[in-house]
Amino acid sequence: MATLNGRHPYVRYMTFTNEDFTLYATTTEDSQKVYDLNENPYTHILLGYTKEDLDAPYLEITAKLSEVKDDTLKLKITNFFKDVFTSEDGDMVTLQFDPITIKLMNDGEPQELKL
C-alpha cells in the first residue's frame with residue numbers, strides 16, 4: 001500500500017480483508033500510515049502479487065480512506081485481524097478503503113473497473 005509522506009511516496013506491506021469491493025485493514029492508531037492517510041486519504045494498493053508466481057494476475061486499486069461507521073462490521077473486521085496482529089505499541093484502529101478504480105493486471109490487456 002502506498003501513501004504520501006509529505007511530498008514523497010511511501011510503500012508498506014499490508015494485510016487486507018474485504019466486504020464486496022471495500023477493503024479493510026488494521027494498524028496501530030498512532031502509526032505513520034494513519035498519519036499519512038489523515039493528511040491525504042488517497043492510496044494505491046497492489047493485491048495478489050507473489051514471488052511464487054510472478055506472472056499471476058493481480059489487482060491495482062486506487063482507493064480513499066473512510067471511516068468505518070457500522071459497529072457490527074467494525075467488530076467483524078477486528079475479530080478477523082485479532083489472530084493475525086497483536087500490538088503492544090498502542091490501540092488498534094480499523095481502516096476502510098473505498099475503491100475508486102480497480103485494474104486487473106497480467107491477465108491479457110489490463111481491465112479497469114471505475115466505481
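FYI, side chains are in, hydrogens and waters are out, and symmetry mates aren't considered; it's all heavy atoms of this structure.
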Completion exercise
Value for CE (Met105) from CG (Leu47), rounded to nearest 0.5 Å, stands at 13.5 Å
Fill in the blank from the handout: Taken to the nearest 0.5 Å, the spacing of Tyr58 OH from Asp53 CG works out to 12.5 Å
Exercise for the section: Output all residues satisfying ring pair (Phe, Tyr, Trp, His ring centres under 6.0 Å) with Tyr24, sequence neighbours left out; order by chain, then residue number. Expected result: none
Problem - Partners meeting side-chain contact (heavy atoms from CB on, under 4.5 Å) with Asn79 (sequence neighbours left out) - result: Leu75, Lys82
Practice task
Sequence neighbours left out, what passes side-chain contact (heavy atoms from CB on, under 4.5 Å) with Phe21? Give chain and number order.
Solution key: Pro99, Ile102, Leu113, Leu115
Practice task
Using the test salt bridge (charged side-chain N to carboxylate O under 4.0 Å, His left out), find all partners of Glu19 that sit at least two apart in sequence or belong to another chain.
Solution key: Lys76
Completion exercise
Heavy-atom closest pair (Leu104 atom, Pro57 atom, distance to 0.1 Å) is CD1-CB, 4.0 Å
Completion exercise
With sequence neighbours left out, the residues meeting side-chain contact (heavy atoms from CB on, under 4.5 Å) with Thr101 are Thr62, Glu112, Lys114
Exercise for the section: Test Met1 against Leu37 for side chain to side chain contact (heavy atoms under 4.5 Å, CB included), laying out the working first. Expected result: CA-CA 11 Å; Met1 179 183 84; Leu37 288 164; 4.1 Å; yes
Fill in the blank from the handout: Residues passing the ring pair (Phe, Tyr, Trp, His ring centres under 6.0 Å) test with Phe16, sequence neighbours excluded, are Phe97
Practice task
Following the transitive rule for hydrophobic clusters with a side-chain heavy-atom cut-off under 4.5 Å over Ile, Leu, Val, Met, Phe, Trp and Tyr, establish whether Leu95 and Tyr35 coincide in one cluster.
Solution key: no
Listing, residues 63-70 side-chain donor-acceptor contacts under 3.5 Å, not counting sequence neighbours, or none:
| residue | atom | partner | partner atom | Å |
| --- | --- | --- | --- | --- |
| Ser66 | OG | Gln96 | NE2 | 3.2 |
| Ser66 | OG | Asp98 | OD2 | 2.5 |
| Asp70 | OD1 | Thr72 | N | 2.8 |
| Asp70 | OD1 | Leu73 | N | 3.1 |

Exercise for the section: Compare all side-chain heavy atoms of Thr26 with those of Thr78 and state whether any distance is below 4.5 angstrom. Expected result: no
Completion exercise
In this structure, CG of Leu23 is separated from CD1 of Ile61 (nearest 0.5 Å) by 4.5 Å
Exercise for the section: List, by chain and then residue number, the residues other than Ile100 in its hydrophobic cluster (Ile/Leu/Val/Met/Phe/Trp/Tyr, side-chain heavy atoms under 4.5 Å); write none if there are no others. Expected result: Tyr42
With a cut-off of 3.5 Å and sequence neighbours excluded, list every side-chain donor-acceptor pair involving residues 5-13.
| residue | atom | partner | partner atom | Å |
| --- | --- | --- | --- | --- |
| Asn5 | ND2 | Asp36 | OD1 | 3.2 |
| Arg12 | NH1 | Thr3 | OG1 | 2.9 |
| Arg12 | NH2 | Asp36 | OD2 | 3.4 |

